[in-house]
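All residue numbers refer to positions in the sequence shown, counting from 1. As a basis for the values below, the full set of heavy atoms in this structure was taken, side chains included, without hydrogen atoms, waters or symmetry mates.
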Amino acid sequence: MDKEEEEEYLSYDQLAELIDFIKNIHGFDFSDYSPASLKRRVTRIMQLQKLSLFDLRTLLTNDHDYFESFLIEITVNVTEMFRDPSFYRSVKENIIPYLRSYQRIKVWNAGCSTGEEVYSYAILFADEQLYDRSFFYGTDINNDVLDFAKNGIYDLQKMKQFSENYQKTGAIHTLSDYYTARYEAASINHSLKKNLLFSAHNLASDGVFNEFQLISCRNVLIYFNTDLQKKVIELFYNSLANFGFLCLGAKETLRSTETGRFKIIDKKNNIYQKIA
């Protein structure tokens with residue numbers, strides 16, 4: 001869709017009005033999300049569902065189930081287990097040795113979507129014999145994707161790609177050690193779920209809820225504007241234990257104004273350590 005076609009569906013002024021409308025009706029504030037990204041996603045929904053702006057507002061007002069599905073389309077990010085294997089190799093090489101000195105380790109995956117990354121961390125820590133003294137928190141603003149994550153049941157066909165990713169991390173096991181295949185689905189083993197908690201948390205409005213040795217938030221900040229990115233980094237800094245690690249991944253980086261409070265551990269994968 002070119003810019004002219006996109007403008008036919010939704011202008012930036014109409015997007016601003018829609019943001020205010022959603023905030024007033026449902027209490028979700030998208031005003032600090034990247035306007036261009038948000039406009040593309042809303043336009044895509046309107047185009048695929050053949051909705052006018054009036055139709056969309058009517059559905060958002062009168063149909064709570066529709067709002068939940070709308071929220072998924074707007075906020076869910078593409079994710080997979082062990083996405084970017086070099087990132088997980090870096091975690092093993094640069095973070096795991098440091099974390100071995102802790103009796104209790106808390107890990108927060110912010111914007112966890114359907115949970116694949118949380119389970120990836122759990123598997124990585126199990127491989128490194130750190131799982132039993134670790135606890136993993138996966139948070140998202142969308143309850144439907146959190147329910148999916150809690151179930152831990154994924155398409156068996158996707159496990160082939162996940163397994164290839166896992167092996168590229170230098171894995172010592174096979175991914176099938178951690179799930180049970182049932183028909184066309186793969187169910188994550190219960191032993192891997194016992195130290196996991198999935199819960200709702202809005203990075204735009206909620207605050208610190210624990211202290212963590214590791215916070216991972218990949219492919220999320222790119223959807224926020226500069227002010228919200230700054231606010232979220234402040235939240236992460238205040239949520240990290242002294243010398244805790246912040247993992248942003250290859251697509252996102254700290255701004256120069258923030259680097260004075262963090263030590264760069266891996267520039268390519270944007271892994272940082274909080275300076276006390």
Side-chain angles (χ1 to χ4, degrees), residues 15-16 18-20 22-42 67-68 70-79 83 87 106-121 135-150 196-241 244-255 257-259 261-262 269-272 274:
L15 177 66
L18 185 63
I19 289 170
D20 287 340
I22 292 171
K23 182 179 179 180
N24 291 332
I25 297 294
H26 294 285
F28 280 86
D29 188 359
F30 291 106
S31 59
D32 285 330
Y33 280 60
S34 165
S37 175
L38 192 60
K39 185 171 181 286
R40 281 195 301 271
R41 292 189 177 207
V42 175
F67 175 70
E68 290 296 327
F70 175 84
L71 198 59
I72 290 175
E73 291 294 327
I74 292 298
T75 61
V76 74
N77 299 310
V78 176
T79 184
R83 184 180 187 182
F87 168 80
K106 284 175 284 189
V107 178
W108 177 19
N109 181 213
C112 71
S113 188
T114 44
E116 286 91 335
E117 185 163 304
V118 183
Y119 290 116
S120 298
Y121 274 107
F135 201 89
F136 304 85
Y137 297 80
T139 65
D140 203 277
I141 68 170
N142 191 293
N143 286 311
D144 284 351
V145 296
L146 289 171
D147 287 341
F148 191 100
K150 290 172 187 176
L196 273 65
L197 177 66
F198 291 99
S199 61
H201 184 277
N202 188 337
L203 290 172
S205 59
D206 295 338
V208 175
F209 65 93
N210 214 317
E211 184 178 73
F212 301 93
Q213 281 68 48
L214 192 160
I215 296 176
S216 183
C217 184
R218 298 196 297 154
N219 305 309
V220 175
L221 296 180
I222 53 175
Y223 297 108
F224 298 163
N225 68 19
T226 301
D227 288 341
L228 183 53
Q229 288 177 2
K230 183 177 179 181
K231 180 180 178 181
V232 172
I233 293 299
E234 184 71 20
L235 169 65
F236 291 159
Y237 182 84
N238 292 330
S239 299
L240 279 171
F245 295 89
L246 176 62
C247 301
L248 297 180
K251 293 183 180 179
E252 295 161 323
T253 185
L254 289 181
R255 298 182 181 277
T257 53
E258 298 289 344
T259 53
R261 301 195 293 174
F262 292 91
N269 289 293
N270 292 305
I271 295 175
Y272 305 89
K274 177 179 177 178

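- Of all non-hydrogen atoms in Phe209 and His201, the two that sit nearest each other are CD2-CD2, 3.7 Å.
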Going by atom type alone, with no hydrogens or angles, which donor-acceptor pairs under 3.5 Å involve a side-chain atom of residues 228-237 and a protein atom two or more places apart or on another chain?
from	atom 1	to	atom 2	distance (Å)
Gln229	OE1	Arg255	NH2	2.9
Gln229	NE2	Leu221	O	2.9
Gln229	NE2	Phe224	O	3.0
Lys231	NZ	Ala204	O	2.6
Glu234	OE1	Arg261	NH1	3.3
Glu234	OE1	Arg261	NH2	2.8
Tyr237	OH	Ile275	O	3.4

- Task: Just do the side chain to side chain contact (heavy atoms under 4.5 Å, CB included) check on Asp29 and Ser205 with the steps written out, would you?
- Result: CA-CA 8 Å; Asp29 188 359; Ser205 59; over 6 Å; no
- Task: Take Tyr121 and Leu214 through the test side chain to side chain contact (heavy atoms under 4.5 Å, CB included) and record every step on the way to the result.
- Result: CA-CA 10 Å; Tyr121 274 107; Leu214 192 160; 4.1 Å; yes
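- Under the 3.5 Å distance criterion, the side-chain polar atoms of Asn270 are matched with a main-chain donor or acceptor of Glu252.
- No donor-acceptor pair closer than 3.5 Å links the side chain of Asn269 to the backbone N or O of Ile271.
- Minimum heavy-atom separation, Val208 to Ser239: CG2-OG, 3.5 Å.
- Remark: Ile22 CD1 to Phe28 CZ distance equals 10.0 Å, nearest 0.5 Å.
- For Thr139, the side chain to side chain donor-acceptor pair (under 3.5 Å) partners are Trp108, not counting sequence neighbours.
- Rounding to the nearest 0.5 Å places CG of Asn24 at 12.0 Å from CD1 of Ile19.
- Within the model, atoms OG1 of Thr253 and CD1 of Ile222 stand 13.0 Å from one another, a figure rounded to the nearest 0.5 Å.
- Scanning for side chain to side chain donor-acceptor pair (under 3.5 Å) contacts around Asn142 gives an empty result, with sequence neighbours left out.
- Within the 4.5 Å cutoff, no side-chain heavy atoms of His26 are placed close to those of Leu71.
- Put simply, CZ on Phe135 and CZ on Phe212 are 10.0 Å apart, with the number rounded to the nearest 0.5 Å.
- Closest approach of Asp140 to Leu146, counting heavy atoms only: O-CD1, 3.7 Å.
- Aromatic ring pairs are classed by plane angle as parallel below 30°, tilted from 30° to 60° and perpendicular above 60°; the pair Phe30 and Tyr33 is perpendicular.
- Every residue meeting the side chain to side chain donor-acceptor pair (under 3.5 Å) condition with Glu117, not counting sequence neighbours, appears here in chain and number order: Asn109, Ser216, Arg218.
- Shortest non-hydrogen contact noted between Ile74 and Arg41 is O-NH1, 2.5 Å.
- For Glu68, the salt bridge (Lys or Arg N to Asp or Glu O under 4.0 Å) criterion is met by no residue, not counting sequence neighbours.
- Side-chain contact, Thr114 with Tyr119: no donor N or O sits under 3.5 Å from an acceptor N or O.
- A pairwise comparison of heavy atoms in Cys112 and Phe198 identifies SG-CD2, 3.9 Å as the closest pair.
- When every heavy atom of Cys217 is checked against every heavy atom of Ala110, the shortest pair comes out as SG-O, 3.7 Å.
- A search for side chain to side chain donor-acceptor pair (under 3.5 Å) contacts involving Asn210 returns Lys106, Tyr137, not counting sequence neighbours.
- If you take CG on Leu254 and CZ on Phe262, they are separated by 6.0 Å, rounding to the nearest 0.5 Å.
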